[in-house]
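Let me begin by presenting the structure, written as structure tokens, before commenting on it.
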2 protein chains.
Amino acid sequence: MDSAERLIESARELLWERGYVGTSPRAVQERAGAGQGSMYHHFRGKPDLALAAMRRNSAELRAQAEAQLSSGETAFDRLGTYLLRERDPLRGCRVGRMAMDPDVVADETLRQPVRETFDWLRGRLTEIVAEGVAAGELRAGLDPSDTAAAVAAVVQGGYVLARAAGSRQPFDEAVRGAMGLLDAARPATG
Amino acid sequence: MDSAERLIESARELLWERGYVGTSPRAVQERAGAGQGSMYHHFRGKPDLALAAMRRNSAELRAQAEAQLSSGETAFDRLGTYLLRERDPLRGCRVGRMAMDPDVVADETLRQPVRETFDWLRGRLTEIVAEGVAAGELRAGLDPSDTAAAVAAVVQGGYVLARAAGSRQPFDEAVRGAMGLLDAARPATG
DNA sequence: GTCTATAGCCAGATAGAC
DNA sequence: GTCTATCTGGCTATAGAC
């Protein structure tokens, strides 16, 4: 693994742990075992390196989510696979975390990978809910787009509750709660 | 309003806008129109001032939430009042934001007001869901604690989605989605 | 209570040697 | 490509005068 690669990987980790504001080029270099000169040779500066790291984080998240969202027979199963997948709630979401960072949100370029990731996720969830409704598996009154946003929000909000509590319990409760509500929206049981 | 008061108010605003890591004592002093000496006379340092500001943010949030959670005839109405209350999603939550801050989460003292706020909120929501279930207004299978966590998470996650999108739309969708799912959990309509 | 001075360290970046 | 030197300025805090 060359220097540029190690710098990106280190930036990925630090952005996840400490956010954009809390991550310094110095700290990234140190973790990567690279010097100042190396970093500024490969990247224009902090925003440039962070962008490369964030794009990789986004791609990774999307690949994982897609795997879960396409796994399961029914729409309800696929939503369940996504919601109940094993996560580390106290670590939070490596992409969603960036949305709380003032310097990321203020910069259109830096925000782009974050925006695209969640646009895609909500779109994908919307499709699945719509399939469920079309198949009569979820009640007809359910708005696919709204329901999809709620599902995505439960996961992101679950991270907030878990980190606030210092325990994964609120996260687990929140996703179970979402599953319970989705279950209530099944005509067969509702 | 004296200096100490202005410092706390300025810290409140900056913590909301930029988080703990992104807020410097210098910036707080500048916004408050107070000097170094004044700040370090009234507070031991950055953590001490931040703690005072966070406690006030927590108290304010709790008072607002309690007002909404006690407004409405039925449990379903009270949850609706809470979820659909007017918010500024792009600004995010002044308490939940702190849960994403590494230096806050790492320090038990700083995390305390954040933890207490969400412990209280989830507890309060749990009571309301339990009342709804007991009254036959929400289906019996619904777990009060899990459902409460899901409701709280939708709001916190809605902020993440809105800030990622640069638009309040995903937030509004998420809370409408949550309302739709709660509606599906009413025996009368489900 | 508030001011100014001072301190040591870090952020973020540039320049030029190798 | 990577190194070291250097720069400006901000962070967080302390000390002592007023």
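Predicted, not measured: the structure shown is a model, and the values here were computed from it. Order of the sequence lines sets the chain letters (A, B, ...), proteins ahead of strands, with each chain counted from 1.
Atom CD of Gln29(B) is separated from atom P of dG1(C) by 18 Å (rounded to the nearest Å). Phe43(A) places its CZ atom 13 Å from the P atom of dG1(D), with the value rounded to the nearest Å. A straight line from CG of Leu14(B) to P of dC11(D) spans 11 Å, rounded to a whole angstrom. Regarding Tyr20(B), its OH atom lies at a distance of 12 Å from the C1' atom of dC11(D), rounded to whole Å. Going from atom CE of Met39(A) over to atom C1' of dT2(D) covers 14 Å, rounded to whole Å. Atom-to-atom, OH of Tyr40(B) to P of dA7(C) comes out at 17 Å; the value is rounded to the nearest Å. Distance Leu49(B) CG to dC11(D) P: 14 Å, rounded to the nearest Å. When rounded to the nearest whole Å, the span between CZ of Arg18(B) and P of dG10(D) equals 14 Å.
Arg56(A) and Glu9(A) are joined by a salt bridge, as a carboxylate oxygen and a charged side-chain nitrogen come within less than 4.0 angstrom of each other. Between Asp88(B) and Arg168(B), none of the side-chain N atoms (NZ, or NE/NH1/NH2) sits under 4.0 Å from a carboxylate O, so this pair counts as no salt bridge.
Ranking dA13(D), dT2(C), dT2(D) by closeness to the His42(B) side chain, first place goes to dT2(C).
Taking all atoms of both residues into account, the shortest heavy-atom contact from Leu61(B) to Cys93(B) is CD2-SG, 4.4 Å.
Residues satisfying the salt bridge (charged side-chain N to carboxylate O under 4.0 Å, His left out) criterion with Arg26(B), sequence neighbours excluded, are absent altogether. Not counting sequence neighbours, the partners of Glu108(A) by the side chain to side chain donor-acceptor pair (under 3.5 Å) test are Arg111(A), Arg115(A). The ring pair (Phe, Tyr, Trp, His ring centres under 6.0 Å) search around Phe171(A) returns Tyr159(A), not counting sequence neighbours.
Looking at heavy atoms from C-beta onward, Leu181(B) lies in side-chain contact with Leu142(A) at the 4.5 angstrom threshold. Taking 4.5 Å as the limit, every side-chain heavy atom of Leu161(B) sits out of range of all side-chain heavy atoms of Leu121(A).
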Between the protein and nucleotides 9-11 of chain C, list the N/O to N/O atom pairs that are separated by less than 3.5 angstrom.
residue : atom : partner  : partner atom : Å
dA11(C) : OP1  : Ser24(A) : OG           : 2.9

Pairs: protein N or O with nucleotides 15-18 of chain C N or O, under 3.5 Å:
none

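In this model, the phosphate group of dT2(D) is approached by a side-chain N or O of Ser3(A) to a distance below 4.0 Å at OP1 or OP2. Residue His41(A) places none of its side-chain N or O atoms closer than 4.0 Å to OP1 or OP2 of dC3(D).
No more than 12 heavy-atom neighbours from other residues, nucleotides or ligands sit within 6.0 angstrom of CD on Glu30(B).
Relative to the ring axis of Tyr82(B), Arg87(B) places its NZ or CZ within 45° and under 6.0 Å from the centre.
With the end axes of the helix from dG1(C)-dC18(D) to dC18(C)-dG1(D) each set by five pairs, the angle from one to the other reads 0° at 10° resolution.
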Inset, instruction - Go through the steps to decide whether Val28(A) and Met39(A) satisfy the test side-chain contact (heavy atoms from CB on, under 4.5 Å), and finish with yes or no. - result: CA-CA 9 Å; Val28(A) 176; Met39(A) 187 199 120; 5.5 Å; no

